[in-house]
2 protein chains.
Amino acid sequence: MSTVRLSPTSYVVLGMIALRGPSTPYDLKRAVGHSVGYFWNFPHAQLYSEPERLAAAGLLALSVEDSGRRRRTYSLTDSGRDALRAWLASPTDEHFQMRDIAELKLFFNEVGEPGNVPTLATEQIKQHQERIAVYEAMVERFGGDPASRPRMITLELGLEMEYAALRFWTALVEGDLDRLRRARERSTATPGAPTSE
Amino acid sequence: MSTVRLSPTSYVVLGMIALRGPSTPYDLKRAVGHSVGYFWNFPHAQLYSEPERLAAAGLLALSVEDSGRRRRTYSLTDSGRDALRAWLASPTDEHFQMRDIAELKLFFNEVGEPGNVPTLATEQIKQHQERIAVYEAMVERFGGDPASRPRMITLELGLEMEYAALRFWTALVEGDLDRLRRARERSTATPGAPTSE
DNA sequence: CATCACACGGTCTGTCTCGGACCGTACTGA
DNA sequence: TCAGTACGGTCCGAGACAGACCGTGTGATG
């Protein structure tokens, strides 16, 4: 019941249980696999340790069922729901973080062979196309279901990002970054002044 | 001289030293701050411990200078350069990872108040605009310098991503995700088949 | 009926990562 | 001479992470 620091991972767990109802870690593991997992990956071991922490903090309630195989089912307590709601309503200060090995390699490419870049770009184009196809398939499968509609919205963000990357690597391999730049400026209704901090 | 596992962080260190020449951790800290740091953040403490590991593995050479303040200067060894080059030439298997708290909140928003979403979106729009302004300023400052040109290219990727996010949140707040979708499809020369597997 | 393979459900471990608090040391200028 | 502040660095505890590993049921097979 002591207070703990809640990390994003904590909120993923709370959130998943809020959306799905009482769940075992294994349930979470599978559910995460084809939803949040796409844009916030973490090892499945966390889905066993994290609920334990949250239960210790009183945000989840544990009920152990022992018929046949041992199963720990966690459900949201009132204070768990409160914590989640408070987080959802709180301002988001951090900017998103990208971790892109390809971008790193590009940054340091001067040190290596010039030939590396086209290869890299070609790989990336393929990967992003594949990922786009996966996302599109998900939209196709679940897009019709009104119940899952709200969660599908984040897919649009994901797609937008994938396309952005795809356009970049394509332009790079075609040596046409300027056109990219121009298209970008055209596509956005004038971003306005940077609202000096 | 024993072998170590090289993480992306290791390559950031090797890469920075390759680009800048011999450096102290503090140099790296500052250099990272206004370059790689934008798309691959890590705590500065790593910039003290990581070079040590790399030196132990023979990829960096340490020279301690003791005039006045103690300074550890690391420089690239041949095998360090080789390791970096090999990495640059190696295929990149992992997809990029995003960590976006705002996206998480959006995903779980059904659980909270409906009013949260517009607020969130507005915040995000502002943040992305600010970040775009920072990037543009960097382009303006360094874009003219041919020496730093290669490294500027990654800024284009960053900008492309920022604009993608900006467009998404803008569309969301305007309730016009469909237009976003259509614009996306128009903007890309047909992505082609997902190249099975 | 025995047993084997395999999906299920879960645990554990060691190593790295992450922030952030904290601490001397020089230089600067009042 | 002293305070303030940039410099340069260390340390620590909590979490994140990958991945090896392990019991348990179940259905197929001989």
Side-chain angles (χ1 to χ4, degrees), chain A residues 2-14 16 20 22-34 36-37 39-57 59 62-74 93-99 101 104, chain B residues 2-13 16 20 22-34 36-37 40-57 62-74 93-95 97-99 101 104:
Chain A
S2 63
T3 59
V4 277
R5 287 183 353 115
L6 297 180
S7 66
T9 301
S10 314
Y11 292 111
V12 169
V13 170
L14 290 175
M16 282 319 260
R20 307 182 68 256
S23 313
T24 68
Y26 195 70
D27 295 336
L28 293 176
K29 178 173 151 186
R30 275 178 316 163
V32 160
H34 55 262
V36 196
F39 61 88
W40 197 291
N41 216 1
F42 47 89
H44 71 274
Q46 303 272 115
L47 294 174
Y48 291 86
S49 58
E50 191 61 27
E52 209 170 324
R53 280 185 67 229
L54 296 175
L59 304 179
L62 168 61
S63 81
V64 181
E65 184 202 345
D66 222 84
S67 71
R69 183 171 300 166
R70 176 143 142 279
R71 295 166 64 83
R72 303 164 178 280
T73 303
Y74 291 94
D93 36 345
E94 313 103 289
H95 200 75
F96 67 63
Q97 285 182 30
M98 275 272 296
R99 250 117 205 270
I101 306 265
L104 266 191
Chain B
S2 64
T3 59
V4 278
R5 288 183 353 114
L6 296 180
S7 66
T9 301
S10 315
Y11 292 110
V12 169
V13 170
M16 282 318 261
R20 308 182 68 257
S23 312
T24 70
Y26 194 69
D27 294 337
L28 293 176
K29 178 173 152 187
R30 275 178 315 164
V32 160
H34 55 263
V36 195
W40 196 292
N41 214 2
F42 47 88
H44 70 272
Q46 302 270 114
L47 294 175
Y48 290 86
S49 59
E50 191 62 25
E52 210 171 324
R53 280 185 67 228
L54 296 175
L62 168 62
S63 80
V64 181
E65 183 203 345
D66 220 85
S67 71
R69 185 170 299 166
R70 176 146 141 278
R71 296 165 63 85
R72 302 163 178 281
T73 303
Y74 292 93
D93 36 346
E94 314 103 287
H95 200 75
Q97 285 183 30
M98 275 272 296
R99 249 112 209 272
I101 307 265
L104 267 191

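Below, chain A is the first sequence line, B the second, and so on; all start at residue 1.
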Taking only the side-chain heavy atoms of [X] (C-beta and beyond), determine which of [options] contains the nearest atom.
X: B:Arg53; options: C:dC12, C:dC16, C:dC18; answer: C:dC16
X: A:Pro43; options: C:dC18, C:dG9, D:dA18; answer: D:dA18
X: B:His44; options: C:dG9, D:dA20, C:dG20; answer: C:dG20
X: A:Thr24; options: C:dG10, D:dG8, D:dT10; answer: C:dG10
X: A:Phe42; options: D:dA16, D:dG9, D:dC17; answer: D:dC17
X: A:Gln46; options: D:dA16, C:dG10, C:dG20; answer: D:dA16
X: A:Ala45; options: C:dG19, D:dG9, C:dC12; answer: C:dC12

Check: B:Arg99 side chain, A:Phe39 main-chain N or O, donor-acceptor pair, under 3.5 Å:
no
Closest-nucleotide mapping onto DNA chain D: is B:Pro25 or A:Trp40 further toward the 5' terminus? I mean the 5' end.
B:Pro25
Just verifying a value: how many Å separate B:Met98 CE and A:Met98 CE, rounded to the nearest 0.5 Å?
7.5 Å
A:Trp40 side, atom CH2; B:Ile101 side, atom CD1 - distance, nearest 0.5 Å:
4.0 Å
Determine to 10° how strongly the helix from C:dC1-D:dG30 to C:dA30-D:dT1 is bent, judged from the axes of its five-pair ends.
10°
Between [atom2] on [N] and [atom1] on [X], what's the gap in Å once rounded to a whole number?
X: A:Gln97; N: C:dG19; atom1: CD; atom2: P; result: 6 Å
X: A:Arg30; N: C:dC8; atom1: CZ; atom2: C1'; result: 9 Å
X: A:Glu52; N: C:dT11; atom1: CD; atom2: C1'; result: 10 Å
X: A:Glu94; N: C:dG20; atom1: CD; atom2: C1'; result: 15 Å
X: B:Tyr26; N: D:dA6; atom1: OH; atom2: C1'; result: 7 Å
X: B:Leu6; N: C:dT17; atom1: CG; atom2: P; result: 11 Å
X: A:Glu50; N: C:dG10; atom1: CD; atom2: C1'; result: 17 Å
X: B:Leu47; N: D:dG8; atom1: CG; atom2: P; result: 14 Å

Please classify the nucleic acid contact of B:Ser49 as base, sugar-phosphate, or nothing, using heavy-atom distances under 4.0 Å.
nothing
A:Thr9 near the nucleic acid: base, sugar-phosphate alone, or nothing, with a heavy-atom cut-off under 4.0 Å?
sugar-phosphate
Examine C:dT11: is either OP1 or OP2 under 4.0 Å from a nitrogen or oxygen in the side chain of A:Tyr48? Give yes or no.
no
Counting only side-chain N and O atoms of A:Arg99, is one of them less than 4.0 Å from OP1 or OP2 of D:dA16?
no
Working for side-chain contact (heavy atoms from CB on, under 4.5 Å), residues A:Leu47 and A:Val12:
CA-CA 10 Å; A:Leu47 294 174; A:Val12 169; 5.6 Å; no
So do A:Asp27 and A:Arg30 actually touch side chain to side chain, heavy atoms under 4.5 Å?
yes
Contact check, side chains of A:Tyr48 and A:Leu28, non-hydrogen atoms, under 4.5 Å:
no
What heavy-atom pair brings A:Pro51 and A:Gln46 nearest, and what distance separates the two atoms?
CD-O, 3.7 Å
Identify the two heavy atoms, one from A:Arg72 and one from A:Pro25, that lie closest to each other, and give their separation to 0.1 Å.
O-CD, 3.3 Å
